[in-house]
Amino acid sequence: MQSIKDLRVWQSSFELSKLVYVLTDQLPVSERDVLYKQMRKCAVSIPSNLSEGYRRRTKNEMRHYTRIAYGSASELETQFLIVKDLKLVSPDIVARVEAKLDEVLRMMNRFSQAVERAVSGRVVS
């Protein structure tokens, strides 16, 4: 692998970040202080932490930053569900973000397991 940008999990999380920006632009002004900022922060944190872990060049640091990225994806999932359940944005962007978020969470699960195997030298179920 030449670059973190070659990883599909990074590519998908980068696309998710851009979709979250579109979604948060539709939030009511009343939500700008909390959901707007927090969702953007979590979304950007996913590919950013994957990048940081990759650049650190050690397996243990990659594991550490992958865990942070996965945690950010999980946080984002909860925030997204609040936005979805309260019907704060258009159904179109909800569907797009939901599909991409589900994809990223699945990919992060597989990627984190692979990183764990690389660090520990054992099979992770």
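Other members of the cluster containing Y65 are I68, with ILVMFWY side chains joined at under 4.5 Å, either directly or via other members.
The stretch residues 30-46 participates, sequence neighbours left out, in these salt bridge (charged side-chain N to carboxylate O under 4.0 Å, His left out) pairs: D25-R40. Counting only residues at least two apart or in different chains, salt bridge (charged side-chain N to carboxylate O under 4.0 Å, His left out) contacts with residues 9-19 comprise E15-K18. Judged as a ring pair (Phe, Tyr, Trp, His ring centres under 6.0 Å), the pairs with a partner in residues 13-44 (not counting sequence neighbours) are, in order, W10-F14.
Here the CD-CD1 distance, from Q11 to I4, works out to 9.5 Å after rounding to the nearest 0.5 Å. Atom NE2 of H64 is separated from atom CG of N49 by 7.5 Å, given to the nearest 0.5 angstrom. Rounded to the nearest 0.5 angstrom, S74 OG and L105 CG are separated by 6.0 Å.
The cluster map of Ile, Leu, Val, Met, Phe, Trp and Tyr, joined by side-chain heavy atoms under 4.5 Å apart, puts M108 and M62 in the same cluster. Linking ILVMFWY side-chain heavy atoms closer than 4.5 Å, directly or via other members, places V34 and V44 in two distinct hydrophobic clusters.
In this structure, R8 has no side-chain hydrogen bond (donor to acceptor under 3.5 Å, both in side chains) partners at least two apart in sequence or on a different chain. Residues passing the salt bridge (charged side-chain N to carboxylate O under 4.0 Å, His left out) test with E77, sequence neighbours excluded: none. In this structure, S112 has no side-chain hydrogen bond (donor to acceptor under 3.5 Å, both in side chains) partners at least two apart in sequence or on a different chain. Applying the side chain to side chain contact (heavy atoms under 4.5 Å, CB included) rule to D85 yields no partners; only residues at least two apart in sequence or on another chain are considered. For the side chain to side chain contact (heavy atoms under 4.5 Å, CB included) test, residues two or more places apart in sequence or in another chain that qualify with V83 are L23, L27, L35, M39, L88, V89. Legend: residues meeting side chain to side chain contact (heavy atoms under 4.5 Å, CB included) with R55, ordered by chain and number and at least two apart, are R57. Here E75 pairs with nothing under the salt bridge (charged side-chain N to carboxylate O under 4.0 Å, His left out) rule; sequence neighbours left out. The side chain to side chain contact (heavy atoms under 4.5 Å, CB included) search around S12 returns K100, E103, V104, M107, not counting sequence neighbours.
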Evaluate side chain to side chain contact (heavy atoms under 4.5 Å, CB included) for Y70 paired with I46, printing each intermediate quantity in order.
CA-CA 7 Å; Y70 200 8; I46 303 165; over 6 Å; no
Evaluation steps, side chain to side chain contact (heavy atoms under 4.5 Å, CB included), between L16 and L76
CA-CA 10 Å; L16 174 62; L76 180 60; 3.8 Å; yes
Step by step, work out the side chain to side chain contact (heavy atoms under 4.5 Å, CB included) result for L50 and L7.
CA-CA 10 Å; L50 291 172; L7 276 179; over 6 Å; no
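Judged by distance alone, with hydrogens and angles left aside, the side-chain atoms of D6 form a donor-acceptor pair with the main-chain N or O of S3 at under 3.5 Å.
Here the side chains of V20 and F80 are not in contact, with every heavy-atom distance at 4.5 Å or above.
Salt-bridge formation is not detected for the pair E116/K59: no Lys NZ or Arg NE/NH1/NH2 atom is positioned less than 4.0 Å from an Asp or Glu carboxylate oxygen.
For the residue pair R63/N60, the side-chain donor-acceptor check at 3.5 Å is satisfied.
When every heavy atom of A43 is checked against every heavy atom of S17, the shortest pair comes out as O-OG, 2.7 Å.
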